[in-house]
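Down below is the structure, laid out as structure tokens.
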There are 2 protein chains.
Amino acid sequence: MLKRWEQAPVFKELNDRGEEIDSRDLIGSYTVVYFYPKAFTPGCTKECTLFSAELDHFSSLEIAEADSSSAETGFETLVETGARIIGISPDSPETLARFRQKHGLRVELIADPQRKVAAAYHALKENGKSILRSTFILDRWGRVRKSWYGVKVNGHVEEVLAGLREIVGADQAINQQIAYRRARRAISPRTLKRDEVKRIITAAHWSSSCFNNQPWRFIVVDQQVMLAKLHQHLPAGNYWMKEAPVLIAVYSKVKNDCSLKDGRDYYLFDTGQAVALLQVQATQMGLIAHPVAGYDQQGFKELLQIPEEEHLITVIALGYPLGNDVFLSEQHQQVEREPRQRKELGQILSWNQYQE
Amino acid sequence: MLKRWEQAPVFKELNDRGEEIDSRDLIGSYTVVYFYPKAFTPGCTKECTLFSAELDHFSSLEIAEADSSSAETGFETLVETGARIIGISPDSPETLARFRQKHGLRVELIADPQRKVAAAYHALKENGKSILRSTFILDRWGRVRKSWYGVKVNGHVEEVLAGLREIVGADQAINQQIAYRRARRAISPRTLKRDEVKRIITAAHWSSSCFNNQPWRFIVVDQQVMLAKLHQHLPAGNYWMKEAPVLIAVYSKVKNDCSLKDGRDYYLFDTGQAVALLQVQATQMGLIAHPVAGYDQQGFKELLQIPEEEHLITVIALGYPLGNDVFLSEQHQQVEREPRQRKELGQILSWNQYQE
């Protein structure tokens with residue numbers, strides 16, 4: 001069975017008009033691929049007719065607000081998925097042409113006389129010959145997102161449409177982790193496993209960078225003695241960082257990355273990218289990762305023995321969230337409960353030309 | 001019914017030892033909360049006994065590689081979820097104490113004599129009085145991740161354990177979008193909806209920044225005439241960007257953000273963060289967003305009328321992925337198919353002290 005998130009098998013087969021359909025051309029659109037045993041039989045005719053009738057609902061979906069987490073950024077919109085529906089059977093192109101003609105079918109019909117495509121999709125019964133009626137939803141990357149093996153035709157088209165709606169809704173909403181992250185300060189002192197810290201750094205490390213230079217460097221501090229020394233170099237306002245079981249010092253230097261004649265030094269930009277991904281990963285794992293600029297650069301560098309030419313760019317407090325935030329100042333408690341504030345989109349975005 | 005991703009209702013109630021249990025203390029751990037009608041009745045006794053027997057399996061879960069997308073970064077590990085299991089019923093603390101005693105129960109038992117907690121969780125039958133046997137999995141943020149209303153006891157504990165395993169597996173794996181993103185160049189010229197572009201910019205705009213300065217600025221170019229002019233200022237190696245229906249110019253300046261005495265200018269770092277989130281969002285939506293450093297700074301700035309003091313930090317090619325990449329140079333085709341390359345973790349990560 002094909003697994004969720006797996007790249008769907010590739011194929012090149014003829015349709016009912018004798019044109020070669022290359023599965024690579026499905027990339028970029030959501031696609032429903034379904035396998036049925038035989039044209040003109042009652043179940044298959046019904047399935048193909050029902051998919052044809054619903055084609056327009058598949059190709060432009062109304063998506064309501066995806067979920068409560070995206071409330072701040074929610075959208076209700078018509079997504080032009082351009083979703084295609086492709087029926088595949090062992091029939092010949094000629095048979096399929098007559099099948100389309102007789103029933104006014106609107107879906108793409110592909111001939112798979114040798115059952116090669118069906119085999120690649122595991123849409124065969126145990127005898128290895130008969131088609132196992134099956135349906136797959138592929139995303140714009142051509143990955144399998146949902147699969148049905150051993151389909152019953154009754155009610156099936158509706159459940160596939162509901163499945164597509166759910167997938168498109170999740171994909172097209174503001175990313176869960178981006179929407180949920182905020183500058184939280186109520187960090188539990190509970191010890192964090194190094195395994196989890198490593199996974200967070202690994203995610204950061206998958207960031208893009210100029211010529212793949214990977215300029216970011218991380219020192220993870222989890223020893224009590226060192227943490228206590230570092231705490232001496234935090235300003236009063238960052239008292240809450242002293243609760244964190246882990247501080248991560250993020251440093252880099254100009255020569256770690258592209259440095260262009262027109263003044264663009266990418267080590268800061270690319271390290272920023274990595275730190276953003278670090279926060280995405282931590283949020284997903286149920287952890288607070290809060291980067292700050294407030295610390296004594298010299299004090300931290302000396303304690304951690306970071307050489308002079310390196311810039312300590314940010315320090316990140318990392319740990320489990322704490323439900324009970326009474327240790328925070330009243331101001332900080334309040335800030336955490338307010339909605340996040342952002343400039344209007346028009347202040348940071350313009351179209352085709354600079355705007356004041 | 002509680003919705004997926006919703007913050008679970010808060011409560012403060014007594015357990016069978018007469019201690020007040022504050023739901024805020026559940027934050028930071030995965031938690032199973034289940035409602036049952038009445039202690040000492042056969043179904044409830046069975047359910048509480050089975051959850052007790054499996055407690056250790058809930059609190060330290062073996063998670064296999066989460067899914068195929070994380071193959072590059074896969075992990076198989078024992079996650080100490082520290083998951084707690086909390087049974088809630090309308091019984092008194094005294095009854096619950098005898099219930100625990102008699103059956104050697106190991107789960108937390110909470111008394112909800114007025115059915116307030118049950119009501120908040122919608123775990124009441126239509127008459128508003130009888131408990132509707134229900135179970136919820138909460139994540140470390142205290143959000144509802146899975147719910148069962150009208151539970152049948154047989155096989156239930158196993159399905160909750162499977163549910164927890166799935167949720168923890170997804171949370172603790174390397175983030176889907178981070179794992180799948182790469183510097184893809186096979187971009188389709190197909191027109192992109194402004195709605196989708198706006199959503200991508202919105203996600204970027206939710207990035208963290210120094211004192212929430214939000215220094216990033218975006219010019220989205222989607223007019224053919226302007227695109228054609230900009231193409232004149234791309235180096236030969238970035239020929240593939242000419243296919244993209246959208247180019248995004250990302251600019252900022254020193255005074256948009258924190259600028260500290262020790263030389264840290266955060267406008268580059270924070271704009272990098274926003275651009276990383278932009279790529280996460282685009283990947284989720286099934287779009288390629290590929291930032292480059294290769295363009296003529298002066299040429300681009302003049303065409304887009306970006307003032308002198310602004311730095312054009314990166315240009316992002318945005319569009320639908322193209323399955324057929326024959327327009328790419330052989331070298332680029334090959335690069336896209338190779339696994340992504342990263343330095344060993346030990347080269348970018350050290351513990352408690354700088355390492356060469």
Side-chain angles (χ1 to χ4, degrees), chain A residues 3 5-6 24-25 27-28 67-69 73 139-141 171-172 174-175 178 188 201-203 205-208 210 214 216-221 223 226 258 262 268-270 272-273 276-277 280-281 284-286 293 297 304-306 313 320-321 323-324 342-343 348-354, chain B residues 3 5-6 24-25 27-28 67-69 73 139-141 171-172 174-175 178 183 188 201-203 205-207 210 214 216-221 223 226 258 262 268-270 272-273 276-277 280-281 284-286 293 297 304-306 313 320-321 323-324 342-343 348-354:
Chain A
K3 281 193 293 189
W5 301 110
E6 192 175 336
R24 290 183 303 176
D25 294 331
I27 303 283
D67 52 57
S68 58
S69 78
T73 50
D139 65 16
R140 287 174 171 171
W141 296 114
D171 288 358
Q172 304 299 321
I174 298 291
N175 177 270
I178 293 174
S188 159
I201 303 286
T202 301
H205 194 31
W206 282 117
S207 175
S208 62
C210 190
Q214 310 161 52
W216 42 77
R217 302 291 181 270
F218 302 93
I219 302 176
V220 175
V221 181
Q223 285 175 353
M226 182 58 89
C258 304
D262 57 28
L268 284 169
F269 178 81
D270 288 335
Q273 293 206 74
L277 298 191
V280 167
Q281 181 69 30
Q284 175 185 293
M285 290 170 64
Q297 167 101 206
L304 298 172
Q305 303 186 19
I306 300 174
I313 303 169
Y320 293 97
N324 189 331
R342 284 297 180 277
K343 294 179 183 12
I348 61 132
L349 165 64
S350 64
W351 299 86
N352 293 295
Q353 197 175 293
Y354 175 84
Chain B
K3 280 193 293 188
W5 302 110
E6 193 175 334
R24 290 183 303 176
D25 294 332
I27 303 284
D67 51 56
S68 58
S69 77
T73 51
D139 66 16
R140 288 173 171 173
W141 295 113
D171 288 358
Q172 304 300 320
I174 298 293
N175 177 270
I178 294 175
S188 159
I201 302 286
T202 301
H205 194 30
W206 281 118
S207 174
C210 191
Q214 311 161 53
W216 41 78
R217 300 291 181 271
F218 302 93
I219 301 175
V220 175
V221 182
Q223 285 175 353
M226 182 58 88
C258 304
D262 58 27
L268 284 169
F269 178 81
D270 288 336
Q273 293 206 73
L277 298 191
V280 166
Q281 181 68 30
Q284 176 187 293
M285 291 169 63
Q297 168 100 209
L304 298 171
Q305 303 185 20
I306 300 175
I313 303 170
Y320 292 97
N324 188 330
R342 283 300 179 277
K343 295 179 181 14
I348 61 130
L349 166 63
S350 64
W351 299 86
N352 294 294
Q353 198 175 293
Y354 175 85

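The figures that follow rest on heavy atoms only: side chains count, while hydrogens, waters and symmetry mates do not. Each chain gets a letter, A, B and so on, in the order the sequences are listed, and its residues count up from 1.
Most heavy-atom pairs under 4.5 Å with chain B, from the set A/L277, A/D25, A/I306: that is A/L277. No other option in A/Q353, A/Q305, A/H205 has as many heavy-atom pairs under 4.5 Å with chain B as A/H205. If you tally non-hydrogen atom pairs under 4.5 Å between each of B/L304, B/I201, B/I219 and chain A, the highest count goes to B/I219. Note on A/R217, A/Q284, A/Q223: by heavy-atom pairs under 4.5 Å with chain B, the leading option is A/Q284. Among B/C210, B/A276, B/S188, the residue with the largest count of heavy-atom pairs under 4.5 Å with chain A is B/A276. Comparing A/D270, A/V221, A/N352 by how many heavy-atom pairs each has under 4.5 Å with chain B, the most go to A/N352. For the set A/L268, A/D171, A/I348, the count of heavy-atom pairs under 4.5 angstrom toward chain B peaks at A/I348. Of the listed residues (B/C258, B/A203, B/G28), the one with the most heavy-atom contacts under 4.5 Å to chain A is B/G28.
Atoms CD and CH2, on A/Q214 and A/W206 in that order, are 9.0 Å from each other to the nearest 0.5 Å.
The two residues B/R342 and A/S207 come nearest to each other via the heavy atoms NH2-O, 2.7 Å. The shortest non-hydrogen separation linking B/P321 to A/R140 is CG-O, 3.5 Å. Here the shortest heavy-atom pairing between A/I178 and B/Q281 reads CD1-OE1, 4.4 Å.
In this structure, no portion of B/D139 lies under 4.5 Å from any heavy atom of chain A. Interface remark: B/F218 contributes backbone and side-chain atoms alike to the contact with chain A (heavy atom separation under 4.5 Å). For A/M226, the part lying under 4.5 angstrom from a heavy atom of chain B is the side chain only. In this structure, chain A has no heavy atom under 4.5 Å from any part of B/A183. Heavy atoms closer than 4.5 Å to chain B are found in both the backbone and the side chain of A/F269. For A/S350, the parts lying near chain B are the backbone and the side chain together; criterion is any non-hydrogen pair under 4.5 Å. Looking at A/N175, the atoms closer than 4.5 Å to chain B (heavy atoms on both sides) sit in the backbone and in the side chain alike.
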